[in-house]
There are 2 protein chains.
Amino acid sequence: MSRKRWRSVKDIRIADVARLAGVSTATVSRVLSEPGKVRQKTHDLVMEAVRRSGYIPNSTAQKLRTRRTMNVLVVAPRLTNPVFAEILRGVDDELTQSGYGIIIGNLDNRREREARYVDLALSRQVDGVLLLTGYIPENGSRDMRESGLPIVAMCAAIDDDKIPKVVVQDREAAQKAVEYLTQLGHRRFGYISGTASSIIEHERFRGFLEGIAAAGFSRDDFVRWEGSFVFSTGVAAAESFLKMKDRPTGIFAACDESAIGFIKRVRRERIRVPQDVSVIGFDGIEFADYTEPTLTTFRQPLHELGRVGADVLMKLIRKDMKPEDWNVRLPLTLLERETTGPVLHKDYKSLRRSTI
Amino acid sequence: MSRKRWRSVKDIRIADVARLAGVSTATVSRVLSEPGKVRQKTHDLVMEAVRRSGYIPNSTAQKLRTRRTMNVLVVAPRLTNPVFAEILRGVDDELTQSGYGIIIGNLDNRREREARYVDLALSRQVDGVLLLTGYIPENGSRDMRESGLPIVAMCAAIDDDKIPKVVVQDREAAQKAVEYLTQLGHRRFGYISGTASSIIEHERFRGFLEGIAAAGFSRDDFVRWEGSFVFSTGVAAAESFLKMKDRPTGIFAACDESAIGFIKRVRRERIRVPQDVSVIGFDGIEFADYTEPTLTTFRQPLHELGRVGADVLMKLIRKDMKPEDWNVRLPLTLLERETTGPVLHKDYKSLRRSTI
DNA sequence: TCGACTTTTGTAATCGATTACATCTTGAGA
DNA sequence: TCTCAAGATGTAATCGATTACAAAAGTCGA
């Protein structure tokens with residue numbers, strides 16, 4: 001209705017407010033950032049001017065002067081992966097409380113995209129970096145560390161002990177997964193891998209191997225299917241599985257997606273889960289409770305992981321790290337659901353015989 | 001090994017490079033931003049100094065001076081929702097090409113969080129805003145528009161014709177979904193709603209109603225279950241469904257998650273999908289192809305939606321919008337899979353009789 | 001009322017780039 | 001060789017805040 005247009009916020013500077021209130025810019029600045037240092041009367045005067053003009057400080061100017069951007073960069077391999085999305089939620093919860101913003105560096109599984117984010121760090125657009133990748137991003141000539149910014153690594157064992165790490169106990173959990181399968185009577189195993197270059201994958205496979213060894217088995221007692229952290233990897237593994245004469249009965253998948261893909265595919269061939277083959281996943285994504293049958297898996301404390309990681313980064317930025325914050329390792333939880341069960345002994349024997 | 005530490009990038013300013021090359025800061029700046037305007041010899045001199053010093057411009061200073069932040073804000077209701085994650089990927093693809101960065105505003109379904117992002121826009125930390133919400137965020141005293149920034153709305157019918165909209169044809173698709181069910185012989189329907197306050201939900205329900213009317217049915221021919229865009233809504237709807245005497249046979253869910261929750265729950269009671277009840281979802285998330293049975297649904301062109309939205313925003317920022325860019329409406333695609341099928345007539349009659 | 005001390009406010013430098021304008025170079029043509 | 005326009009470079013203002021330091025105002029006891 002009214003013809004009076006809102007004056008766009010960008011046209012009002014601190015000098016305008018100062019003039020309006022009849023004080024200097026220094027005083028306006030003080031009222032806004034350290035109210036205690038200014039007399040009540042002046043304070044009210046300034047606040048009234050701020051209110052009337054609709055002034056909001058230009059944050060870029062603040063950043064330049066204070067040398068703090070109040071933003072952190074979060075580098076993630078792929079945003080559509082529910083695991084990273086959930087971690088990001090935890091990060092966001094923590095950072096919001098501290099007044100920090102998030103700039104996302106989504107690699108979308110393409111390493112050539114990382115250079116961009118290294119430059120972003122080098123040009124000081126952020127105060128710190130949270131890495132969800134298994135390596136330190138680089139841009140050809142430099143890596144992220146040369147920015148001199150605080151960095152926290154998560155989900156991965158980056159081998160630089162100047163970088164604090166907040167991770168989950170992947171290896172231990174993978175080992176327990178094998179133990180769980182052996183206790184159900186399984187003797188032949190399958191391992192569906194994640195992205196080979198990922199250190200998460202590395203840790204999980206290592207844990208798997210340790211579990212195999214701990215239960216007295218050897219490399220001859222399992223097959224490994226290569227892949228990445230997606231549904232189709234599970235489907236491909238299943239197709240390989242279906243062609244085998246002497247099929248494994250206990251399958252460990254390095255992520256829930258591939259576990260789900262595997263199950264979906266074998267069930268189409270009338271293979272029963274868990275009667276014919278047990279499958280255990282990894283991550284505990286929400287979907288895993290809506291498959292048929294529901295997926296046995298290890299739940300990662302993703303939200304907490306994000307929170308703790310962000311908290312450690314905040315401490316690093318504020319320079320009040322304590323040594324015990326330096327490395328955090330969060331445990332996973334086994335969710336016993338429907339895709340795992342005891343080996344049906346008769347079937348098992350007949351399978352065995354056909355090979356020997 | 002070497003004791004020579006990398007000098008942190010932040011300590012090198014344009015003045016240092018100028019001194020090193022024996023020129024003025026203006027010349028250094030020109031070499032970096034408009035190379036043509038500088039003599040070859042000087043150019044090489046400066047580049048060498050840049051290389052040797054490892055200089056990278058401080059982007060905050062650039063932003064202050066040029067008044068461009070090269071960042072856009074993307075406000076999304078909930079990041080863990082695969083729909084938004086996928087849109088974000090499209091946005092990211094497009095923006096990266098234009099050299100823009102993304103600051104994410106994750107509301108996590110809590111409206112009180114939006115104030116923060118309004119302030120972010122008002123304090124000019126971004127050059128434009130992409131809204132994935134069904135409304136214009138506000139902070140108590142102002143709304144996003146007062147920032148004076150270019151805004152593009154997606155996924156929703158925000159009623160401000162100064163704001164360009166890039167949306168999907170939810171209403172049309174919902175209508176087609178009903179048509180599809182009626183053609184399969186269904187006569188009683190169920191509608192599992194999304195978040196009531198969401199305009200996406202509004203559009204979908206409206207399309208559903210139009211479909212109902214177009215097929216000659218009335219409000220008495222369907223039940224509506226309230227909820228939000230999550231699995232548990234489908235589970236709750238299923239529990240209500242199970243208690244009914246005269247059950248609908250054609251279910252339309254406003255999102256795939258609730259469709260999946262519904263199916264999961266009813267199958268536990270030995271209800272067959274699609275023989276006893278047909279279910280059609282909405283969105284076409286990746287997981288919908290891995291449920292059992294696989295979900296019939298409408299696929300949203302999410303990635304394209306994100307790309308186009310970002311493209312329109314870029315044009316708005318660069319002030320080269322053409323009128324035909326102003327409103328874009330992308331079509332959805334029906335994915336006919338396993339959760340829908342013809343009504344089994346005998347069952348249907350017996351159900352009918354028991355009511356009349 | 002005066003002086004010493006504390007509190008409040010103002011002046012001006014500063015953060016690190018870009019860019020309008022001024023000045024100096026260069027080279028073509030006379 | 002000289003002139004003059006075009007081209008290259010330099011000087012200094014500018015973006016919009018914060019903050020060190022200086023100056024002014026207020027407080028309080030003698």
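Keep in mind that this is a model prediction, so the values were computed, not measured.
Annotation: cation-pi geometry satisfied between R111(B) and Y135(B) (NZ/CZ under 6.0 angstrom from ring centroid, within 45° of ring axis).
Between the CG atom of N58(B) and the P atom of dC15(D) there is a distance of 18 Å, rounded to whole Å. Distance, I14(A) CD1 to dG10(C) P: 12 Å, rounded to whole Å. For R19(B) and dG16(C), the CZ to P distance is 13 Å, given to the nearest whole Å. In this structure, CG of D16(A) is placed 13 Å from C1' of dA17(D), rounded to the nearest angstrom. When the C1' atom of dG16(D) is taken as reference, atom CZ of R65(B) falls 12 Å away, rounded to whole Å. Distance, R13(B) CZ to dT14(C) P: 11 Å, rounded to whole Å. As a whole-Å value, the separation of Q125(A) CD from dC15(C) P is 20 Å. Between K63(B) atom NZ and dA17(C) atom P there is a gap of 13 Å when expressed in whole angstrom units.
One N or O on the side chain of S33(B) and one on the backbone of S29(B) form a donor-acceptor pair closer than 3.5 Å. Using modelled atom types, no side-chain atom of R52(A) and backbone atom of M47(A) make a donor-acceptor pair closer than 3.5 Å.
Surrounding CZ of R329(B) are more than 12 heavy atoms belonging to other residues, nucleotides or ligands, all under 6.0 Å away. Within 6.0 Å of CG on D161(A) lie no more than 12 heavy atoms contributed by other residues, nucleotides or ligands.
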Every protein N/O within reach of nucleotides 6-9 of chain C N/O, cut-off under 3.5 Å:
from: dT9(C); atom 1: OP1; to: T42(A); atom 2: OG1; distance (Å): 2.1
from: dT9(C); atom 1: OP2; to: R39(A); atom 2: N; distance (Å): 3.0

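Nearest heavy atom pair, residue M154(A) against residue V167(A), reads C-CG1, 4.2 Å. R145(A) and D160(A) make their closest contact through NH1-OD2, 2.6 Å (heavy atoms, listed as atom of the first residue, atom of the second, distance).
Between D127(B) and N71(B), the closest side-chain pair of non-hydrogen atoms is not below 4.5 Å.
Proximity of R67(B) to the phosphate of dG16(D): a side-chain N or O atom is located under 4.0 Å from OP1 or OP2.
Taking the screw axis at each terminus of the helix from dT1(C)-dA30(D) to dA30(C)-dT1(D) from five consecutive base pairs, the angle between the two is 50° to within rounding of 10 degrees.
Nearer to the 5' terminus of DNA chain C, by closest-nucleotide assignment, is the contact made by G22(A) (compared with the other of G22(A) and Q62(B)). Nearer to the 5' terminus of DNA chain D, by closest-nucleotide assignment, is the contact made by T66(B) (compared with the other of S29(A) and T66(B)).
Closest to the side chain of T25(B), from the set dT18(C), dA17(D), dG16(C), is dT18(C). In this structure, the nucleotide among dC15(D), dA13(C), dT11(C) sitting nearest to the side chain of A26(A) is dT11(C). Relative to the side chain of L64(B), the nucleotides dA17(C), dC15(D), dA17(D) differ in distance, and dC15(D) lies closest.
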| query | Taking it one step at a time, do D16(A) and R13(A) satisfy salt bridge (Lys or Arg N to Asp or Glu O under 4.0 Å)? | reply | CA-CA 5 Å; D16(A) 300 318; R13(A) 302 179 314 292; 3.4 Å; yes

